[in-house]
There are 2 protein chains.
Amino acid sequence: MPRNKVIFALIENETDRKVSYKKRHKGFLKKAQELMTLCDIEMAAIIYSPYSDEPKVFPMVLQSTPF
Amino acid sequence: MPRNKVIFALIENETDRKVSYKKRHKGFLKKAQELMTLCDIEMAAIIYSPYSDEPKVFPMVLQSTPF
DNA sequence: GCCCCTATCTTTAGGCG
DNA sequence: CCGCCTAAAGATAGGGG
């Protein structure tokens, strides 16, 4: 976006796509946090990507002792 | 954010909070759409708020004939 | 691959009709 | 309440080490 506008389509180059994912998922989770906190609402999100083993889950799920 | 910085805390004034919600949830869903499209990943989000009757669900769920 | 920089694009608070 | 405007804050592509 900055140095170049964003084109609303798949980023073809895999390296670029991964870099973009890394930056954007962070921004996305921040936005989620802000929306929840500023506006006093409840929400959840889950992101599956080939870039992390575990899905990203929002809000954080605290691991309780499993059984 | 613009005219004033955002303070990371509940917006106390109810009217302001609702206005903020209305703007932000839109931006949030757009970011979700971008993340999904640009980076070729799968994700879902759900937002409960007192400002809409139905929860906002991402991605769109097409209503099939209910039984 | 990572983190850091920064120019530039995008989002949005506050205000008006 | 809703939609539009605009300045300023925030996000981020591209590049460097």
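Letters go in sequence order (proteins before strands), and every chain restarts at 1. Only a predicted model underlies this, so the values are computations on that prediction, with no experimental measurement involved. All values below come from the heavy atoms of this structure, side chains included, with hydrogens, waters and symmetry mates left out.
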>> What is the separation between atom CZ on A/Phe28 and atom C1' on C/dT10, rounded to the nearest whole Å?
In response: 16 Å
>> Rounded to whole Å, how long is the line connecting atom NZ of B/Lys26 with atom P of C/dT10?
In response: 15 Å
>> Ignoring hydrogens, what is the shortest heavy-atom contact between B/Pro55 and B/Tyr48? Give both atom names and the distance.
In response: CG-CE2, 3.6 Å
>> Please report the distance, rounded to the nearest Å, between NE2 in B/His25 and P in C/dT11.
In response: 14 Å
Could you go through residues 6-13 of chain A and list every donor-acceptor pair under 3.5 Å that involves a side-chain atom there, pairing it with any protein atom two or more places apart or in another chain?
from: A/Asn13; atom 1: OD1; to: A/Thr15; atom 2: N; distance (Å): 2.9
from: A/Asn13; atom 1: OD1; to: A/Asp16; atom 2: N; distance (Å): 2.9

> Given atom CZ of A/Arg17 and atom P of D/dA13, what is their separation to the nearest angstrom?
Replying inline: 14 Å
> In Å, rounded to the nearest 0.5 Å, how long is the span from NZ of B/Lys26 to NZ of B/Lys22?
Replying inline: 7.5 Å
> Whole-Å distance between D/dA8 P and B/Ile7 CD1?
Replying inline: 18 Å
> Is there a side-chain polar atom (N or O) of B/Lys31 under 4.0 Å from OP1 or OP2 of C/dT10?
Replying inline: no
For nucleotides 14-17 of chain D, which of its nitrogen or oxygen atoms have a protein nitrogen or oxygen under 3.5 Å away, and what is each distance?
from: D/dG14; atom 1: OP1; to: A/Asn4; atom 2: ND2; distance (Å): 2.8
from: D/dG14; atom 1: N7; to: A/Lys23; atom 2: NZ; distance (Å): 3.4
from: D/dG14; atom 1: O6; to: A/Lys23; atom 2: NZ; distance (Å): 2.9

>> How many whole angstroms separate atom OH of B/Tyr21 from atom P of C/dG14?
In response: 19 Å
> At their closest point, which heavy atom of B/Ile47 faces which heavy atom of A/Met43, and how far apart are they?
Replying inline: CA-CB, 3.9 Å
> Across the strands shown, which category fits A/Lys18 at heavy-atom distances under 4.0 angstrom: base, sugar-phosphate, nothing?
Replying inline: sugar-phosphate
> What distance separates A/Gln33 CD from A/Leu38 CG, expressed to the nearest 0.5 Å?
Replying inline: 9.5 Å
> Does any pair with a residue in residues 23-45 of chain A pass ring pair (Phe, Tyr, Trp, His ring centres under 6.0 Å), and if so which ones, sequence neighbours excluded?
Replying inline: A/Tyr21-A/His25, A/Phe28-B/Phe28
> For A/Phe8 and C/dT10, what is the distance between atoms CZ and C1' respectively, to the nearest whole Å?
Replying inline: 14 Å
> In whole angstroms, how far is the C1' atom of C/dT10 from the CG atom of B/Leu38?
Replying inline: 13 Å
>> I'd like to check the side-chain contact (heavy atoms from CB on, under 4.5 Å) partners of A/Pro59; sequence neighbours left out, ordered by chain and number.
In response: A/Met36, A/Ala44
>> Closest-nucleotide mapping onto DNA chain D: is B/Lys22 or A/Ile11 further toward the 5' terminus? I mean the 5' end.
In response: B/Lys22
